[in-house]
Structure formats: C-alpha cells, structure tokens
Amino acid sequence: MSKLYIYDSMQNKKVVFEPLDTQNIRVYACGPTVYDYAHIGNARMAVVFDTLIRLLRYLFPKVTYVSNITDIDDKIIERSNLEKVSTESLTNKFSKIYNRDMKMLNVQEPDYQPKATEYIDEMIQAIAKLEKEKYAYFSDGHVMFNVNSFKSYGALSSRKQQEQIAGSRVKVSSYKKNPEDFVLWKPSKDNEPFWKSPWGRGRPGWHTECFVMATKILGTPFDIHGGGLDLKFPHHENELAQSCCFSGNLDNKKSYAKYWMHNGFVTVDAEKMSKSLGNIKLVKDYLNIYNGEVIRLSLLSAHYRSPLNWSEEVLLQSKNILMKYNKILDALKNLVIIKNTKENKIIIEIEKALLDDLNISKAFSILDASVKEINKKNEIEKKYIKEAIEFLGEIVGIFIARDDLASSKNKKNLNLNEINILIKKRNEARKNKDYKLADEMRNKLLTMGVEIEDHPEGTKWKEI
RNA sequence: GGCUCGGUGGCAGAGUGGUUAUGCAGCGGAUUGCAAAUCCGUCUACGGCGGUUCGAUUCCGUUCCGAGCCUCCA
C-alpha cells in the first residue's frame with residue numbers, strides 16, 4: 001500500500017500520514033452549533049470528513065471518529081428566547097434535523113457524537129485544573145484563559161499576538177487581562193440556562209467542550225483534528241492552548257492532535273456563505289430538488305481545501321456525472337466482479353489520487369478515461385471497470401441510491417397503467433408509420449412528466 | 001496593519017519543466033420515422049512583467065487582481 005498524504009494545517013504543507021496507532025486511527029472533527037437548519041457549509045464539513053473517514057477505513061483496520069454537536073451557546077439561548085422554547089427542545093430538534101439531512105447525503109454517523117451539555121462536569125474539572133495551575137484566572141464572574149501563560153499561542157494559525165492587535169476588532173472586556181484571553185466559564189443571567197460550578201451559576205465557553213470531549217473520548221494525542229477553516233482561529237488555537245496546558249505539554253504542540261485538517265468555505269457568487277451576509281443556503285431546500293448524492297458530489301466537486309462556489313451549474317454537472325455512471329453500472333449489473341483490487345490497474349491509479357490528500361477530481365478523471373471506450377472492452381476489462389466505479393463510489397459515498405436522482409419529495413404520483421397504454425399506442429402508431437399520432441402520444445406523456453426513450457430492446461421511460 | 005490561500009479554455013476543475021487531464025456545455029458525425037439515449041471525433045487555456053533554461057502554464061523575482069481569518073460562523 002502506498003502512503004497517505006494529507007495537508008497538515010499546523011505545518012502548512014502536505015505530509016505523510018503516520019498513525020499514532022495503526023490499529024486504531026482516531027479523528028475528531030468539530031460539528032455544528034444546532035440552533036437552525038443545517039446549511040451547505042455544515043454539509044461540506046460533514047461530507048469532507050466522512051469521505052476522509054471512508055478512506056481511512058479502507059486503509060486501516062479501525063477508525064474511531066468523533067464529531068460533536070454544540071448544544072449550549074449564546075446564539076442558542078438567543079434563538080430559544082426568540083422562539084419561546086427551551087434550549088433543550090431547540091437543540092434536540094435541530095440536531096435531529098442535522099442528522100437526518102446528513103444521512104440524506106450518505107454521511108455515516110460518527111462513532112461518537114457527543115454534546116457539550118453531556119460533558120459539563122468534565123469541563124468544570126478541566127477548567128478548575130487550568131485555574132489552579134495559573135493558566136486561567138477568575139475575573140468578574142468569568143474564568144478566563146490567560147493567553148500569556150502559553151508561549152506557543154498562535155502556533156496553529158501562525159499569528160503573533162502583538163501583530164494582530166493593530167487591525168483587530170477584538171473587544172477588550174474589562175475582565176480580560178489580555179485582549180486575546182478567552183472565556184472558559186461565563187456567568188449565566190437569571191433567565192439563562194446554567195450549571196452549578198465553583199465560580200457560581202454559569203455555562204462553559206465554546207472552546208472548552210471540544211478539547212474536553214476529544215480528550216475524554218479519544219485520549220491525547222490523537223491523529224487528526226478537523227473542522228472548517230473558520231475554526232482554525234480562534235477555536236482550534238484555543239483548544240490547543242487549553243490541551244497543552246492541561247496536559248503539561250507546553251512545548252509539544254503535537255501533544256493534542258498530531259495533524260490538523262481544515263476544509264475550505266462554501267461561497268455564493270464568490271463570497272463566503274455566512275450568517276452576517278445573509279447568503280446561507282440550507283441543505284433541506286436542496287434536498288427538495290435534488291437527490292442527496294447530487295448534493296454530496298457537488299460538495300466534493302472542488303478540492304476540499306479550496307473554496308467551493310455553490311451554484312445550480314455545479315449541481316447540474318454532478319447530476320449528469322451521476323446519471324452517466326449509474327447508466328454504466330446499470331449496463332454492467334449482471335457482471336459478477338471478483339474483488340481483485342490489488343490487480344486492478346484502474347483502482348491502483350484511483351487509490352493513488354485519493355491518497356494524495358483526497359484528490360477526488362483526479363480520481364474521477366482516471367475513471368472517466370477508463371470508461372471512455374467501454375464498448376470496445378472485453379468482459380474482464382469491464383469487470384475491472386465496474387469494480388473501479390464501485391470502489392470510488394464507496395470512498396466518495398455515491399452510487400448507493402441508484403436509478404432515481406430526482407428528490408424523493410419531488411415525486412409525482414404517476415399512473416403506471418396509463419403510461420403503459422400510451423406507450424403501447426404510440427408503438428402501434430409507429431408500426432403503422434402514423435408518426436403524427438405517435439408524436440401526439442409522446443407529447444401527452446411529456447405533459448404528464450414522462451420522458452421516453454426508444455431502445456432496441458423496447459421503449460423505456462423515466463420521470464422528468 | 002498582521003497572517004493564510006488563490007488566479008488554468010464558455011463553465012467546473014486536475015496537473016506538469018518539453019509530449020498541453022477530465023467533466024459539463026458547444027460544434028461535426030454515426031444512429032434514429034423524428035427524438036432521446038448512446039457512441040466516435042473536435043475547437044477555445046494556463047493574470048501582467050521580468051529572470052533562470054535549449055525550452056516554463058509549471059521554478060525564481062516582481063506586480064496586479066481576488067477570497068478568507070484577525071468578532072459568532074463549517
């Protein structure tokens with residue numbers, strides 16, 4: 001097996017992935033804050049890391065994948081006040097919706113999907129330890145992480161504190177010793193959810209949950225820590241700082257995660273999809289129009305680190321690609337393949353592309369080339385092609401729900417009987433060379449939303 | 001101001017020091033009653049300017065342009 005290369009955001013370069021334990025690869029990726037419907041950006045993160053996990057599972061005997069859900073946070077509180085529901089019912093609702101939508105995109109559930117509120121005790125213990133060891137301080141009801149206590153702060157995002165301050169928009173709160181200090185524990189107002197703690201009634205800051213849950217579930221160091229690029233700073237930087245100080249590994253920035261991976265943004269009209277710009281696209285809205293695989297492949301159409309411009313063109317292109325391969329798979333459905341991955345030159349090439357930091361476009365170009373003259377190939381070659389398509393499909397997470405690329409919600413209730421009668425009538429008319437009548441039948445079917453294709457073996461139809 | 005990352009043909013998107021992917025769309029052809037589908041063939045490209053080189057889209061320098069982070073965000 002060749003080596004897996006991944007781009008490590010800590011080193012800012014592509015490196016050979018060398019597992020800490022080849023018998024169990026451990027990965028943590030930051031999931032969403034659930035106070036609204038999942039958007040395309042959430043989906044990109046989920047799909048990218050799901051694809052990485054699929055590849056790792058192909059390469060290694062065991063992979064443990066953790067991806068959290070943030071279910072306590074200021075925005076959640078704000079939204080629950082607005083909708084006059086409890087934070088629990090709000091986050092329950094949207095975490096279910098998130099999981100449902102991701103399932104539609106063939107995203108496999110993580111092995112663990114911890115929620116912040118399930119780890120409050122552990123967070124309190126961790127914060128107490130940081131405070132006791134002077135990495136954090138108590139100030140005006142808040143426990144703050146003291147950035148000055150960790151001299152490697154900024155290593156992940158290549159930032160130096162002083163240079164950030166000039167153009168910085170960071171608010172210097174009165175309870176901060178240093179502008180970059182961040183909240184580990186904050187006091188809750190009377191109408192806000194709270195947990196009892198040594199610092200009074202309050203709730204944890206955002207950056208603590210991931211570090212605590214990753215440490216608790218995976219143990220440190222683990223192999224890969226991932227998430228969206230916007231989390232690199234400050235979220236991941238802050239997780240790293242807490243973890244290094246917590247474990248006493250002040251000089252070892254790999255003591256938390258060995259590698260860091262970040263996926264790029266989804267853009268709309270070349271601008272970042274973001275809440276403040278109001279150009280958020282929701283997964284559920286696209287699931288009304290497209291099959292989940294179309295959306296998934298669209299999300300993988302650009303390399304995971306590049307920006308991905310979300311557009312109808314991308315979706316249409318993905319749909320066409322899926323239709324093409326589904327047709328080929330359909331034509332090859334009676335071929336029985338013998339799993340012979342190591343001998344299959346197409347797979348060897350595809351594997352090489354995937355092992356190069358998930359170069360899916362390259363992998364597809366190899367597949368496209370192999371398929372190009374499929375009609376001229378003999379049976380053995382066709383078996384290799386089929387095996388290769390299924391191989392790539394498995395890693396990329398497509399070609400699972402075949403035949404039907406229309407959204408299931410978009411289905412019309414068609415009268416099968418009527419369709420068959422019309423097709424029969426049309427074929428009779430064709431036999432009699434009454435093409436005018438034949439075309440009438442076809443137009444009638446079209447108005448019903450049925451498109452027909454004449455094949456040597458008979459007339460086929462599909463929904464449009 | 002600091003720190004990242006990009007600029008490839010109509011669009012999407014890989015890659016490489018010389019033989020210039022791939023897909024979608026387009027065009028031409030085969031096929032078809034006409035279509036559709038399929039198959040075959042085919043045109044457009046590497047931001048600007050310098051440099052290194054026999055040769056650069058690929059390396060180096062410089063410049064212009066764009067995106068992102070430094071505030072919640074996947």
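Values below: every heavy atom of this structure, side chains too, minus hydrogens, waters and symmetry copies. First the proteins, then the strands, lettered A, B, ... as listed; each starts at 1.
Results of the side chain to side chain contact (heavy atoms under 4.5 Å, CB included) test with A/Tyr153 over A/Leu240, A/Asn238, A/Asn146 single out A/Asn238 as the only residue that passes. Remark: of the listed residues A/Arg305, A/Lys14, A/Lys362, A/Arg305 is the sole one forming a salt bridge (charged side-chain N to carboxylate O under 4.0 Å, His left out) with A/Asp357. Among A/Leu422, A/Ile452, A/Ile421, A/Asn427, the one residue that satisfies the side chain to side chain contact (heavy atoms under 4.5 Å, CB included) test with A/Met441 is A/Leu422.
Look at CG on A/Asn427: it is 12 Å from P on B/G33, rounded to the nearest Å. As a whole-Å value, the separation of A/Asn238 CG from B/C70 P is 12 Å. Protein atom NZ of A/Lys460 is 16 Å distant from nucleotide atom C1' of B/U32, rounded to whole Å. Here B/C73 presents its P atom at 17 Å from CE of A/Met273, a figure rounded to the nearest Å. Nucleotide B/A37 holds its C1' atom 14 Å from the NZ atom of A/Lys324, rounded to whole Å. Taking atom CD1 of residue A/Ile374 and atom P of nucleotide B/C40, one finds them 10 Å apart after rounding to whole Å. Taking atom CE of residue A/Met10 and atom C1' of nucleotide B/C3, one finds them 15 Å apart after rounding to whole Å. Rounding to whole angstrom units, OH of residue A/Tyr435 and P of B/U32 are separated by 11 Å.
When the P atom is used for both B/C3 and B/C11, the distance is 33 Å, rounded to whole Å. Nucleotides B/U8 and B/G23 place their C1' atoms 15 Å apart, quoted to the nearest Å. Comparing B/G61 with B/U4, their P atoms are spaced 15 Å from each other, to the whole Å. B/U58 and B/U16 have their P atoms separated by 13 Å, given to the nearest Å. Here the separation of B/C5 from B/G9, taken at their P atoms, is 23 Å to the nearest Å. Between B/C27 and B/G33, the distance separating the two P atoms is 23 Å to the nearest Å. Atom name C1', nucleotides B/A25 and B/U62: the rounded distance is 38 Å, in whole Å. Taking atom C1' in both B/C65 and B/C40, one finds a spacing of 42 Å when rounded to whole Å.
With B/C5, B/G23, B/A74 as the choices, the nucleotide that has an atom nearest any side-chain atom of A/Asn12 turns out to be B/C5. Listed nucleotides B/U22, B/A74, B/C72 differ in distance to A/Asn263; the shortest reach to its side chain belongs to B/A74. Across B/C70, B/G23, B/C5, the shortest atom-to-atom separation from the side chain of A/Asp368 is found for B/G23. Closest to the A/Phe265 side chain, of the nucleotides B/C24, B/A21, B/G68, is B/G68. For A/Val266, taking side-chain heavy atoms from C-beta onward, the closest of the listed nucleotides B/C5, B/A74, B/G23 is B/A74.
Put simply, A/Asn359 has a side-chain N or O that comes within less than 4.0 Å of OP1 or OP2 on B/G15. The phosphate of B/C69 has OP1 or OP2 within less than 4.0 Å of a side-chain N or O from A/Lys272.
The base of B/C34 lies close enough to the side chain of A/Asp454 for a donor and an acceptor atom to sit less than 3.5 Å apart. For A/Arg426 against B/G33, a side-chain N or O and a base N or O form a donor-acceptor pair under 3.5 Å.
Using a 4.0 Å heavy-atom criterion, one finds that A/Gly41 contacts the bases of the nucleic acid, with or without backbone contacts as well. Using a 4.0 Å heavy-atom cutoff across all strands shown, A/Val48 reaches no nucleic acid atom at all. Among the atoms of the strands shown, none is found under 4.0 Å from any heavy atom of A/Thr267. Looking at heavy-atom distances under 4.0 Å, A/Glu453 makes contact with a base. Across all strands, A/Lys372 comes closer than 4.0 Å only to sugar-phosphate atoms, never to a base (heavy-atom distances). Here A/Arg44 lies out of heavy-atom contact (under 4.0 Å) with every strand. Residue A/Ile452 is classed as a base contact, given a heavy-atom separation below 4.0 Å to a base. Across all strands, A/Gly264 comes closer than 4.0 Å to base atoms (heavy-atom distances). Nucleic acid contact for A/Lys232: none, since no nucleic acid atom lies under 4.0 Å from a heavy atom of the residue. Heavy atoms of A/His262 sit nowhere under 4.0 angstrom from any nucleic acid atom.
With A/Lys3 contributing its side chain and A/Val16 its backbone, the two residues share no donor-acceptor pair below 3.5 Å.
Applying a 4.0 Å cut-off to non-hydrogen atoms, the residues of residues 436-445 of chain A that approach RNA chain B are A/Asp439, A/Arg442, listed by residue number.
Pairing partner, B/A56: none, since no Watson-Crick or wobble contact has both distances short of 3.5 Å. The pairing partner recorded for B/A21 is none, the criterion being a Watson-Crick or G-U wobble arrangement whose two distances lie under 3.5 angstrom. Of the nucleotides present, none pairs with B/A35 by Watson-Crick or G-U wobble criteria with both distances under 3.5 Å. Using N1 to N3 plus N6-O4 or O6-N4 for Watson-Crick, or N1-O2 and O6-N3 for G-U wobble, each under 3.5 Å, B/G1 pairs with B/C70. When both distances must be under 3.5 Å, the Watson-Crick or G-U wobble mate of B/A45 does not exist.
Between A/Tyr37 and A/Phe94, the two ring planes are perpendicular [angle over 60°; tilted spans 30° to 60°]. Ring orientation note: the planes of A/His207 and A/His235 are tilted relative to one another, at an angle of 30° to 60°.
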Discussion item. Determine whether A/Trp310 and A/Leu315 satisfy the following criterion, side-chain contact (heavy atoms from CB on, under 4.5 Å), listing intermediate values before the conclusion.
Written reply: CA-CA 8 Å; A/Trp310 191 250; A/Leu315 287 157; 3.8 Å; yes
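Remark: A/Lys186 pairs with A/Asp74 by the side-chain hydrogen bond (donor to acceptor under 3.5 Å, both in side chains) rule, at least two apart or across chains.
In the displayed structure, A/Leu277 atom CG is contacted under 6.0 Å by more than 12 heavy atoms of other residues, nucleotides or ligands.
Position along RNA chain B of the nearest nucleotide to A/Lys327 versus A/His303 favours A/His303 as the more 5'-ward residue. The nearest heavy atom of RNA chain B to A/Ser274 and to A/Ile366 marks one nucleotide each, and the one closer to the 5' end goes with A/Ile366.
In this structure, A/Tyr256 has its ring center closer than 6.0 angstrom to the ring center of A/Phe222.
In summary, the side chains of A/Glu351 and A/Tyr58 do present a donor paired with an acceptor at a separation below 3.5 Å, with no hydrogens or angles considered.
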